[in-house]
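Take a look at the structure set out below.
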Amino acid sequence: MPLTKKEAMEVYERLEKMFPDARAELDYTTPYELLIATILSAQCTDVRVNKVTKVLFQEHDTPEKMVRLSQEELEGYIKSCGVYRNKAKNILAASRIIIESWGGEIPPTIEDLMTLPGVGRKTANVVASNVLGIPAIAVDTHVFRVSNRLGLAESKNVDGTEKQLMAIWPEDCWTKGHHLLIFLGRRICKAQRPLCEECDLNDLCRYYQGASE
DNA sequence: AACTCGGGGCA
DNA sequence: TGCCCAGAGTT
């Protein structure tokens with residue numbers, strides 16, 4: 001059985017105390033910059049992404065400027081970000097679609113965002129919740145893992161976790177809740193060798209109390 | 001729901 | 001050097 005709503009709110013409030021500085025890991029000034037940075041961040045640490053975008057966005061921080069780059073030129077900028085060929089192709093194609101179909105603006109809903117190449121549910125939720133003001137819980141592997149361990153969700157896939165978190169937390173907790181769970185996953189509730197003794201939630205954590213993931 | 005994919009990270 | 005992984009796309 002997953003936690004009750006009351007227990008889930010207690011988890012949320014205690015997470016706020018643990019991580020008063022929790023916020024988006026990718027911190028950009030415009031929706032377009034966040035979209036591109038989030039596409040780049042798949043299978044890649046945000047340290048690398050931040051390094052790359054710092055240079056890339058100096059001259060190419062809008063879709064109109066981005067599409068002036070050739071595929072090869074863009075690959076040169078983002079080479080250290082994992083699957084760079086696919087990402088370069090997707091970023092150029094998505095930028096063209098944004099110009100031609102959305103008047104140069106970021107698509108305004110999660111569903112519209114997901115029509116862009118290289119943008120799946122997780123990336124769409126990150127952009128929607130951080131810069132469009134749409135409450136959403138982006139479930140990456142950190143969120144998936146810690147939600148199951150804590151009992152906030154019981155799911156074998158990220159879609160199930162997203163639904164269950166949305167059901168157990170009120171809407172105005174979704175966006176920050178996502179950030180809180182990521183902080184917990186990165187700093188304490190790591191995939192390997194989690195630091196359970198340092199975790200303020202271990203008194204109610206099923207994983208700590210011996211349950212498997 | 002399950003499989004594939006391209007490259008980085010780490011053992 | 002080979003195994004594993006995260007997220008998108010495809011079937």
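Reminder, nothing fancy here: chain letters follow the sequence lines and each chain counts from 1.
Checked against B:dG9, C:dG9, C:dG7, the side chain of A:Pro117 finds its nearest nucleotide in C:dG9. Checked against C:dG7, C:dA8, B:dG9, the side chain of A:Thr123 finds its nearest nucleotide in C:dA8. Ranking C:dG7, C:dG9, B:dG8 by closeness to the A:Lys122 side chain, first place goes to C:dG7.
Every residue two or more places apart in sequence or in another chain that forms a ring-ring contact (aromatic ring centres under 6.0 Å, His included) with A:Tyr77 is listed here: A:His60.
At the heavy-atom level, A:Asp140 lies under 4.0 Å from the strands shown only through sugar-phosphate atoms. Across all strands shown, A:Val158 has no heavy atoms under 4.0 Å from either base or sugar-phosphate atoms.
Going from atom CZ of A:Arg145 over to atom C1' of C:dC5 covers 12 Å, rounded to whole Å. What separates OH of A:Tyr84 from P of B:dC5 is a distance of 18 Å, to the nearest Å. Going from atom NZ of A:Lys156 over to atom P of B:dA2 covers 9 Å, rounded to whole Å. In this structure, CZ of A:Arg121 is placed 17 Å from P of C:dT10, rounded to the nearest angstrom. When rounded to the nearest whole Å, the span between CG of A:Leu40 and P of B:dG8 equals 14 Å. With rounding to whole Å, A:Leu116 atom CG is found 13 Å from C:dA8 atom C1'. In this structure, CG of A:Asn157 is placed 15 Å from C1' of C:dA8, rounded to the nearest angstrom. Rounded to an integer number of Å, the gap from CG of A:Asn90 to P of B:dC5 is 17 Å.
Between A:Arg48 and B:dG9, a side-chain N or O to OP1/OP2 separation shorter than 4.0 Å is present.
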Can you give the donor-acceptor pairs under 3.5 Å from side chains of residues 90-102 of chain A to other protein atoms, not counting sequence neighbours?
{"residue": "A:Asn90", "atom": "ND2", "partner": "A:Asn86", "partner atom": "O", "Å": "3.3"}
{"residue": "A:Ser95", "atom": "OG", "partner": "A:Tyr32", "partner atom": "OH", "Å": "2.7"}
{"residue": "A:Ser95", "atom": "OG", "partner": "A:Ile91", "partner atom": "O", "Å": "2.7"}

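Salt bridge status for A:Asp159 with A:Lys163: absent, with no side-chain N to carboxylate O gap under 4.0 Å.
Taking a 6.0 Å sphere around CD of A:Glu59, one finds it holds 12 or fewer heavy atoms contributed by other residues, nucleotides or ligands.
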